[in-house]
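In what follows, a structure is listed as structure tokens, so that the remarks can point back to it.
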Amino acid sequence: MNSIVTLPIVTAAPTTAPLLHGLEDPVFAAIERHRRAMEALKAANAEQERVLRLADEMVGLHALSVLDMREPSNPPGWHPYVDAICSSDIENFVPRAEHQELHDHYQMAFAERRTARAKFVEEMAGDIDAMVNAPGEQEFDTAQELVSTSPTTLSGMLALLTYVGESREDGQSDEGITPTFDEENLTVLVETLARTAKRLTSRVA
């Protein structure tokens, strides 16, 4: 009578498993920190824009519409209106040496508008620039941290590349709020990925 001998089945643990699944891969936490920093920066920018729009409605636009007196009018007596965004623009469009009264009128109106807007914005939000300074610094710091974080898995490496690429694309169409993935730290990213690829390749060799 033949007997069947049952041998224990030994399943070899795949050597690539640690490269494919990365719950402990530090790059995922770094990605999440940068994502949260970007959300905070976008929210701060949106609030800043809201306050400035209110200033436009309640006080007047930052730019002052002035007559462009630089060229001879055609037809006679006609000059186009242009936007002056600073006092030097007024001097350029309406030279004081040639149009002193009109020039001084515009300079006074511009100064009054600027003062009124500054007061309105300060009462609404305090320091308008400070609204985005801290979130901007946080985004910069987390971007620097992210490109310097070496993934420990293939999935982490892919996630890092995908996140940076998509973040740059989204930033180009998101009201100019772009992540700080510039030429300098993208160079760091390439170096980080090169080290990661070398390490992961040697692990499965």
Side-chain angles (χ1 to χ4, degrees), residues 26-70 79-94 102-149 159-189:
V27 80
F28 290 103
I31 289 173
E32 185 57 27
R33 283 191 291 273
H34 184 266
R35 181 181 287 113
R36 291 197 300 267
M38 276 299 297
E39 290 174 354
L41 178 57
K42 290 177 181 179
N45 182 77
E47 177 61 14
Q48 184 186 66
E49 291 297 321
R50 185 187 72 84
V51 172
L52 292 177
R53 285 195 300 270
L54 280 175
D56 291 343
E57 296 172 6
M58 303 301 294
V59 180
L61 297 174
H62 172 71
L64 183 68
S65 184
V66 302
L67 286 169
D68 186 352
M69 306 296 290
R70 292 175 299 178
H79 292 277
Y81 277 96
V82 292
D83 288 336
I85 62 173
C86 59
S87 59
S88 59
D89 279 350
I90 296 174
E91 173 59 33
N92 184 39
F93 297 137
V94 190
L102 186 60
H103 171 93
D104 292 347
H105 167 74
Y106 283 144
Q107 290 287 13
M108 181 178 297
F110 184 78
E112 291 175 352
R113 174 83 58 84
R114 182 176 54 192
T115 300
R117 281 179 61 89
K119 180 181 179 181
F120 178 86
V121 168
E122 184 176 5
E123 291 175 349
M124 286 290 298
D127 187 342
I128 192 70
D129 294 326
M131 293 176 66
V132 295
N133 286 347
E137 291 173 1
Q138 182 67 17
E139 186 280 324
F140 178 83
D141 291 342
T142 55
Q144 294 291 95
E145 175 195 20
L146 178 56
V147 298
S148 302
T149 301
L160 176 56
L161 281 168
T162 302
Y163 177 76
V164 171
E166 291 180 349
S167 295
R168 283 170 58 84
E169 290 178 3
D170 292 344
Q172 293 175 358
S173 58
D174 194 11
E175 299 181 357
I177 308 302
T178 57
T180 314
F181 298 132
D182 53 19
E183 181 178 349
E184 181 177 346
N185 62 14
L186 286 180
T187 299
V188 176
L189 175 63

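Nearest approach of L64 to A109, heavy atoms of both residues: CD2-CB, 4.1 Å. Scanning both residues, V59 and A116, for their nearest heavy atoms gives CG1-CB, 3.5 Å. Closest non-hydrogen pair, T178 versus M38, comes out as C-CE, 4.4 Å. Nearest heavy-atom pair, S87 versus F110, reported as atom, atom and distance to 0.1 Å: N-CE2, 3.8 Å. What you find for L160 and T149 is that their closest heavy atoms are CD2-O, 4.1 Å. Across all their heavy atoms, I85 and H62 have their closest contact at O-NE2, 3.3 Å.
Crowding of E184 atom CD: a count of heavy atoms from other residues, nucleotides or ligands under 6.0 Å not exceeding 12. For F120, the CZ atom sits in a packed shell: over 12 heavy atoms of surrounding residues, nucleotides or ligands are nearer than 6.0 Å. Within a 6.0 Å sphere centred on CD of E47, heavy atoms belonging to other residues, nucleotides or ligands number more than 12.
With hydrogens and angles disregarded, no donor-acceptor distance shorter than 3.5 Å links the side chain of Q48 to the backbone of V132. At distances below 3.5 Å, not a single donor-acceptor pair connects side-chain atoms of E145 with backbone N or O atoms of A30. Under the 3.5 Å distance criterion, the side-chain polar atoms of H79 are matched with a main-chain donor or acceptor of D68. Of the possible donor and acceptor atoms, none in the side chain of R168 sits under 3.5 Å from a partner among the backbone N and O of P179. Under the 3.5 Å distance criterion, the side-chain polar atoms of N185 are matched with a main-chain donor or acceptor of D182. With hydrogens and angles disregarded, no donor-acceptor distance shorter than 3.5 Å links the side chain of E139 to the backbone of L41. A donor-acceptor pair under 3.5 Å is formed between the side chain of R117 and the backbone N or O of G60.
With respect to R36 and E39, no salt bridge is recorded, no charged nitrogen being found less than 4.0 Å from a carboxylate O.
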Does the side-chain contact (heavy atoms from CB on, under 4.5 Å) test come out yes or no for S65 and V82, once each step is laid out? CA-CA 6 Å; S65 184; V82 292; over 6 Å; no
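To the nearest 0.5 Å, atom CG of residue L54 and atom CD of residue E49 are 11.5 Å apart. Between atom CZ of residue R50 and atom CE of residue M131 there is a gap of 7.5 Å, rounded to the nearest 0.5 Å. Taking CD from Q138 and CG from N133, the interatomic distance works out to 13.5 Å, rounded to the nearest 0.5 Å. Taking CD1 of I90 as the reference point, atom CG of L67 lies at 11.5 Å (rounded to 0.5 Å). Taking CZ of R53 as the reference point, atom CD of E57 lies at 8.0 Å (rounded to 0.5 Å). For the atom pair D127 CG and E122 CD, the distance stands at 8.5 Å (nearest 0.5 Å).
The side-chain heavy atoms of L186 and E183, taken from C-beta on, include no pair separated by under 4.5 Å. Residues V66 and Y81 fail the side-chain proximity criterion, which asks for heavy atoms closer than 4.5 Å. Inter-residue side-chain proximity for R70 and N92 is flagged as met; some heavy-atom pair is nearer than 4.5 Å.
Note: F181 and Y163 have perpendicular aromatic rings, judged against thresholds of 30 and 60 degrees for the angle between ring planes.
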